[in-house]
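This report refers to the structure that appears directly beneath it.
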Amino acid sequence: MECVGISCFDPAGEPEEELLAAAPEEVLLGACEKDWRTEAPTRESLMGACALCHLVYWWQGPQHRSLASLREDAFKNEAPAALAPPCEKTGGGGAYEFQDRNQVHKCVKAVSEELHDEARVALWLDAIHCGVIVEPARVVVVFRGTVDADELRDDANMLRLVKLRKGDRARVHAGFVAHLNKQSCGEKLLAIVLKEVAARQPCEVLLTGHSLGAAAATLLAFRLDSSTLRMRLTLITFGSPRVGNRPFQRAFDASPRMRHYRVQNELDPVARGPWWLPFPGCYKHTGHHVWLDASPSWCRVPWYRHRTVVCRWRRDGAIWSAARPVNLLVYPFRWLWNENAADFRTHQLGGKYKKGYLINLEKATWNVGQPQRHRRGAVPANHVARWRDHGLISAPTSNAVAERDFVLRVCLAEQAKILIAEVEDNNLGDKALNERVKRWYSCSQCLQQYHGVVRCALGWACWKTYLGRPEADEIRQFAMNQLGNGLYNTNHYEDALPVQEAELSMLRRVGASWEPILLVQTNLAGTYQHLGRGEQAMLMQREVYAGRLRLDGGEALGTLATANNFASSLCALGRFEEAKTLWRTSISTARRVLGEAHDLTLTMRINYGRALYEDTGATLDDIREAVTRFEDTAQKARRILGGSHPLVVRVEDQLHDARAALRVRETQP
């Protein structure tokens, strides 16, 4: 059941002013954005972007082959003749990097998994071989690397750096700017991306490119960041050269809503330049450095080595052993101390040399975790203990995590209190109030609901803030709702039950409308379910579902949510056929009304898949269908919500269980 959460603590605890006085000096108002920006890269996200960059070396845009046709090609067992590259007969070439149609077919499959089923091409520019692909909740921009002589001349124009903005010290490679602005392509790209973002904001924007395309993507991301539209920019580049000087690097890395994963394959020479010209150290790298490192083995004999590729990364900086400039004097002897190749074979995305980005990304040991954070000093141990006692941090935890957790919760609570106080002091009306109370449970940038201990601490602060108001006050009722739901969210069901029952009694006593009463009944039914009172939960869910249908109709968000809850309660009682029938109808409606990317649509797909394989009468085809649905839902949920979201964790757990059930059934005689 989809419930929002808050934790319950003693309102008579330590005064909040004293806790604020003990807070660290560095107040991270954008803490959730910073956590997103410094999140470790995943293999799936990098491989999806790399496959897209690889494909555009062959794909000439929608006039060459539409996305719909490519999706159909991806589901074919054998590569169709239409996917054959022009150089198939000669075994591949520098321009295409594909040897045959089978390589193209494999790449098309990877791209089809990365893009949304409803993706379409909004713009294709042949002048710089760049495309803009739009999805329901994301905009994707992909650039091709160097192929022809004109692009080589742009690469070589490194002696001159130009300003991007008047009065700014940031300067960038003149050749890269000339390439992006060829035939006004930069302005066209900026206009169409901003137009698509404006129609979807808040929106995710993915920019990716290889080689020269990586530099162009970096410049476009920097220009997009100056827009006031609500978006988050993820830049993933492969074999990117240095683009600008140190002021450009500082301005680029200072943005809280832009993150750059700069992937380097072994000692790719392009990623290590330009450095010497026009003077040593003029150009600087931006973003997080992701290095595919061929770690050394015990044997140094060239013809008897065991190469192991390990993925390493560094936040907001470069790994010097990978980024140092080429030294021609020691280059012939490099193999004595370093396993990494340093020639142009490592710059390819694929190809016949077995050293490309896609190949090493697929086989690398993923030694990627959270990078070390720079800190001003330790938090006093007595502050950590006090914050833990008040539920403002999770326990057990380190001082560093305690500092981050406490600052995040206090800042978010203060922001919500100030916003609501402004509405009440200035009489801004119900519309503004309804919008600002959401800050108690959702992020102002990405609009996703908080979860875990963050939501718990915010709920405690909300209840403590508005506890003294009269029962009929709507803000107090809202605070009590957050308190009960928070207890539910943190699995304190026995504590949540009396709070929710008291809330329902209070609403009936003050003559509240049906909307909040139905909401509380829904939450109360969920608590009944977790306490083992399944029949009582099912009857209450049926009552709520009937009320929603009567008041809002079958396509309203509240009706679809209660349908999901009602079906879940039926499943808990073993009435799988009734539940699956209700879910099939509701999922079809949710996909049409809410879209594939909505949290509720994903949740219902997960629950329906679980009902398919947990049913005692499930057939082998039912279990296979469940596995297929979980695989599709896991891919979409990870792309939309991120790998740490509870919904993503839940669907991956269900996928693991469904695959185990399928293996057991297939091995049975």
Side-chain angles (χ1 to χ4, degrees), residues 46-67 69-70 73-74 79-115 121 123-133 140-152 154-155 176 179-180 182 185 206-218 236-241 263-265 268-271 344-362:
L46 298 187
M47 288 193 64
C50 191
L52 190 58
C53 291
H54 197 195
L55 184 65
V56 295
Y57 276 91
W58 167 82
W59 189 42
Q60 307 297 317
Q63 70 277 7
H64 172 207
R65 197 157 185 81
S66 67
L67 280 180
S69 300
L70 290 177
D73 296 336
L83 299 185
C87 51
E88 184 178 49
K89 295 182 180 179
T90 61
Y96 297 98
E97 298 192 34
F98 289 106
Q99 295 180 21
D100 53 43
R101 69 190 68 180
N102 293 323
Q103 286 189 356
V104 180
H105 190 218
K106 181 180 179 181
C107 191
V108 167
K109 286 183 177 180
V111 170
S112 179
E113 293 177 358
E114 169 66 17
L115 296 178
V121 179
L123 177 69
W124 183 266
L125 299 173
D126 288 319
I128 59 174
H129 212 91
C130 165
V132 179
I133 302 172
V140 181
V141 186
V142 57
F143 293 84
R144 189 195 66 184
T146 303
V147 170
D148 55 39
D150 288 340
E151 293 169 343
L152 282 172
D154 290 336
D155 290 333
F176 298 157
H179 173 73
L180 181 62
K182 190 179 300 181
C185 288
L206 170 65
L207 301 101
T208 186
H210 170 245
S211 191
L212 175 61
T218 303
I236 302 178
T237 58
F238 303 90
S240 174
V263 186
Q264 176 183 340
N265 185 30
D268 183 348
V270 174
F344 277 89
R345 294 176 300 170
T346 62
H347 187 59
Q348 286 193 338
L349 290 173
K352 58 187 177 183
Y353 297 112
K354 309 302 182 185
K355 291 180 181 290
Y357 279 85
L358 270 174
I359 297 170
N360 279 351
L361 273 173
E362 187 173 3

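What you see below is based on every heavy atom in this structure, not just the backbone, and it leaves out hydrogens, waters and symmetry mates.
Using a 4.5 Å cut-off on side-chain heavy atoms (C-beta onward), F238 and T208 make contact. Contact of the Y357 side chain with the H54 side chain is not registered, since no non-hydrogen atoms from C-beta on lie closer than 4.5 Å. Proximity of H179 to L212: side-chain heavy atoms (C-beta onward) are separated by under 4.5 Å at one or more points. Within the 4.5 Å cutoff, the side chain of T346 has heavy atoms near those of the P269 side chain. For the pair E114/V140, no side-chain contact is recorded, criterion being any heavy-atom separation below 4.5 Å from C-beta on. By the 4.5 Å heavy-atom criterion applied to side chains, S112 and L70 are not counted as neighbours. With contacts defined as side-chain heavy-atom distances shorter than 4.5 Å, the pair R65/Q60 does not qualify.
Rounded to the nearest 0.5 Å, atoms CG (L349) and CD (Q103) are 11.5 Å apart. Here R144 contributes atom CZ and L125 contributes atom CG; the two are 12.0 Å apart, rounded to the nearest 0.5 Å. Summarising the geometry, atom CD belonging to E151 is positioned 5.5 Å from atom OG1 belonging to T146; distances are rounded to the nearest 0.5 Å. Residue L361 holds its CG atom at 6.0 Å from CG of L46, rounded to the nearest 0.5 Å. For the atom pair NE2 (H64) and OG (S69), the distance works out to 10.0 Å, reported to the nearest 0.5 Å. Separating the CG atom in L67 from the CG atom in D73 is a distance of 11.0 Å, to the nearest 0.5 Å.
The two residues A51 and L358 make their nearest non-hydrogen contact at N-CD2, 4.0 Å. Contact detail for C130 and V141: the closest heavy-atom pair is SG-CG1, 3.9 Å. Of all heavy-atom pairs between Q264 and D268, the closest is NE2-N, 4.0 Å. Contact record, A215 with S240: N-OG, 4.3 Å, taken as the closest heavy-atom pair. What you find for K182 and A127 is that their closest heavy atoms are CD-O, 4.0 Å. In terms of heavy-atom proximity, F143 sits nearest to V56 at O-CG2, 4.1 Å.
Remark: K106 NZ is loosely packed, at most 12 non-hydrogen atoms of other residues, nucleotides or ligands lying under 6.0 Å away.
Checked against the 6.0 Å centroid criterion, the rings of H347 and H210 qualify as a close aromatic pair.
Not a single donor-acceptor pair under 3.5 Å links the side chain of S66 to the backbone N or O of P62. Side-chain N or O atoms of W59 include none that pairs as donor or acceptor with a backbone N or O of L52 at under 3.5 Å.
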